[in-house]
Amino acid sequence: MRHLPYFCRGEVVKGFGRGSKELGIPTANFSEQVVESFPSDISTGIYYGWACVGNGDVHKMVLSIGWNPFYKNIKKSVETHIIHTFKEDFYGEILSIVITGYIRPEKNFDSLAALISAIQEDIEEAKRQLDLPEHLKLKEDNFFHQPEGKIVNNH
Ligand SMILES: Cc1cc2nc3c(=O)[nH]c(=O)nc-3n(C[C@H](O)[C@H](O)[C@H](O)COP(=O)(O)O)c2cc1C
Ligand SMILES: Nc1ncnc2c1ncn2[C@@H]1O[C@H](COP(=O)(O)OP(=O)(O)O)[C@@H](O)[C@H]1O
Ligand SMILES: [Mg+2]
């Protein structure tokens, strides 16, 4: 997949509040400015990789890039679900991610339950893929140990 691995850092902003409430799967949304900094020809869809909040630990993540066809969003969003249980929300903090692999295109679904079960399968797929050496090695990338304030896109 073109552009991978893709490194990105930016502030976590408010979305529609659906992730946790309707889906039980919170997603940390990047600001519009960060979304616009992505290559315009990066495929929309579902990806996986590594993420860290502030200078915390690096965790597995799944990521959605696009217009969420199930909800028919007008603005493109880039949202990261970190595969870790956090004690508190982290709006306003700096999220650093490296996207290492692609899973599938965005889809519409007949029901909320079908969307949730697709996302749960994505999470299981991400967990498996990220244990492979080619993806695991990026967990240790120096990118995650750089000063927080520095915004680096694609190195
Ligand atoms: C791994 C993953 C896969 C997703 N797949 C889809 C999808 O196929 N179709 C879709 O409409 N939305 C998809 N979403 C996006 C959810 O609809 C979105 O995260 C949810 O609406 C929360 O939005 P919010 O952050 O604005 O509250 C996916 C999200 C994640 C984390
Ligand atoms: N494991 C997690 N992954 C992503 N965000 C999380 C996680 N745990 C807690 N959060 C918090 O939940 C927020 C996202 O919830 P969500 O319902 O998607 O709301 P929003 O629509 O504002 O993005 C994040 O901004 C973050 O502060
Ligand atoms: Mg969200």
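Order of appearance sets the numbers: ligands from 1, and atoms from 1 within every ligand.
At a 4.0 Å heavy-atom cut-off, ligand 2 touches H84 through the backbone alone. The backbone of T80, and not its side chain, has at least one atom closer than 4.0 Å to an atom of ligand 2 (non-hydrogen atoms only; backbone = N, CA, C, O).
Close approach of ligand 1 to S64 (heavy-atom distance below 4.0 Å) involves ligand atoms 14 (N), 15 (C), 28 (C), 29 (C), 30 (C). Annotation for ligand 1: atoms under 4.0 Å from non-hydrogen atoms of R18 are 21 (O), 22 (C), 27 (O). Each of the following atoms of ligand 1 lies closer than 4.0 Å to a heavy atom of K107: 7 (C), 8 (O), 9 (N), 10 (C), 11 (O).
For ligand 1, the polar-atom distance check finds an N/O of G17 within less than 3.5 Å of one of the ligand's N/O atoms. Geometrically, ligand 1 and Y71 share no nitrogen or oxygen pair separated by less than 3.5 Å. An N or O contact shorter than 3.5 Å is missing between K14 and ligand 2 by distance. Any N or O atom pair closer than 3.5 Å counts here, and D122 shares no such pair with ligand 1.
Considering only non-hydrogen atoms, atom 12 (N) of ligand 1 lies nearest to N68 out of N68, T80, N73.
Between R104 and D122 the shortest heavy-atom distance is NH2-OD2, 2.8 Å.
The closest side-chain donor-acceptor pair between Y102 and Q129, if any, does not fall under 3.5 angstrom.
Protein N/O/S atoms nearer than 2.8 Å to the Mg ion (ligand 3) total 3.
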